[in-house]
Amino acid sequence: SAFAGGVLMRAWLLWGDERYLDGAIDAADMFCKLQWENGSWAYHYTYSRGEFLPWGEAYIAQSMQANQIRLLYMMHRLLGYERYEKAVRKVGDWFIAIQHPEGAWGWQAHPEGTTGPYGNRALNDKVTTQVMADLHVIWCATGDDKYLQPILKGVEWLLKAQAGPPTYG
């Protein structure tokens, strides 16, 4: 998992044992290989006969794209490998492409190959706010302002989506 890759990366930073770095590189390289053409990753993978196979669709809720982004970002910062930055930009471009015109992101699982807005706009399950946080990380990784504009659009949607009296929120 990307979480395990991050743990291995931090273990290498703490203890300097190259075996941890090798494991972190293997994890990051695996996510570069598993990334779909549109930039996303599948919700699940199965392992069969020496390879990971996507099972399911791309899903944003519950940080399903976030761990890969953070692992690849940190590995790029530590090692400077261009393939990691390329993967981070690719998922960032997908996030931009699937944003609804009014600023939200959809909560449904995105079928493989989805390139435009999909699903109902979501406040719940950390969907819209998760993508906004992920785009901020991508902006930090790349310095490319195109990843900031969708965040601002998302903020506008969140403000408009708030409930008024008698149920503020």
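All figures in this text were calculated on a predicted structure; none of them were measured in a lab. Any value given below was found using the heavy atoms of this structure, including those in side chains, with hydrogens, waters and symmetry copies removed.
The two residues Cys32 and Ala87 make their nearest non-hydrogen contact at SG-CB, 4.0 Å. The shortest non-hydrogen separation linking Gly154 to Gln99 is N-NE2, 3.8 Å. Taking all atoms of both residues into account, the shortest heavy-atom contact from Pro117 to Ala97 is CD-O, 3.6 Å. The shortest non-hydrogen separation linking Lys90 to Gly39 is CG-CA, 3.6 Å. In plain terms, the two heavy atoms of Tyr73 and Ala141 that are nearest each other are CD1-CB, 2.8 Å. Pairing each heavy atom of Ala58 with each of Trp94, the nearest pair is CB-CH2, 4.0 Å.
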Give every donor-acceptor pair under 3.5 Å between a side-chain atom in residues 44-55 and any protein atom, sequence neighbours left out.
{"from": "Tyr45", "atom 1": "OH", "to": "Ala42", "atom 2": "N", "distance (Å)": "3.0"}

> Passes side chain to side chain contact (heavy atoms under 4.5 Å, CB included), Met9 versus Leu78? Steps please.
Replying inline: CA-CA 9 Å; Met9 176 201 58; Leu78 288 170; 3.4 Å; yes
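Under the salt bridge (Lys or Arg N to Asp or Glu O under 4.0 Å) criterion, Arg121 pairs with Glu102, sequence neighbours left out. With sequence neighbours left out, Arg77 forms a salt bridge (Lys or Arg N to Asp or Glu O under 4.0 Å) with no residue at all. The salt bridge (Lys or Arg N to Asp or Glu O under 4.0 Å) check on Asp22 picks up nothing, with sequence neighbours excluded. Remark: Asp17 engages Arg19 in a salt bridge (Lys or Arg N to Asp or Glu O under 4.0 Å) (not counting sequence neighbours).
Remark: the backbone N or O of Leu13 is not paired with any side-chain donor or acceptor of Tyr20 at under 3.5 angstrom. Side chain of Arg10 to backbone of Gly6: a donor-acceptor contact under 3.5 angstrom is found. Without hydrogens or angle criteria, His76 side chain to Tyr81 main chain gives a donor-acceptor distance under 3.5 Å.
When Leu135, Asp134, Thr128 are each tested for a side-chain contact (heavy atoms from CB on, under 4.5 Å) with Met132, only one passes: Thr128.
Taking OG from Ser40 and OH from Tyr59, the interatomic distance works out to 14.0 Å, rounded to the nearest 0.5 Å. Considering CE of Met75 and CG of Asp29, their distance stands at 7.5 Å, rounded to 0.5 Å. For the atom pair CZ (Arg70) and CD (Gln68), the distance works out to 10.0 Å, reported to the nearest 0.5 Å. Interatomic distance, Thr142 OG1 to Arg89 CZ, rounded to the nearest 0.5 Å: 4.5 Å. Rounding to the nearest 0.5 Å places CD of Glu85 at 7.0 Å from CD of Glu82. With rounding to the nearest 0.5 Å, the separation of CD in Gln65 from CD1 in Ile138 is 9.5 Å.
Under a hydrophobic-cluster definition in which Ile, Leu, Val, Met, Phe, Trp and Tyr are linked whenever side-chain heavy atoms come within less than 4.5 Å, directly or via other members, Leu71 and Val7 are assigned to different clusters. Under the 4.5 Å side-chain heavy-atom criterion for grouping Ile, Leu, Val, Met, Phe, Trp and Tyr, Val127 is not connected to Leu152 through any hydrophobic cluster. With hydrophobic clusters built from ILVMFWY side chains whose heavy atoms lie under 4.5 angstrom apart, Leu34 does not share a cluster with Phe3.
With a 4.5 Å cut-off on side-chain heavy atoms, Ile69 and Trp41 count as touching. With a 4.5 Å cut-off on side-chain heavy atoms, Ile96 and Lys146 count as touching. With a 4.5 Å cut-off on side-chain heavy atoms, Leu79 and Leu21 count as touching. Between Val131 and Ile98, every side-chain heavy-atom pair lies at or beyond the 4.5 Å cut-off.
A side-chain hydrogen bond (donor to acceptor under 3.5 Å, both in side chains) check over residues 151-161, counting only residues at least two apart or in different chains, returns nothing.
Side-chain polar atoms of Asp145 and Gln149 form no donor-acceptor pair below 3.5 angstrom.
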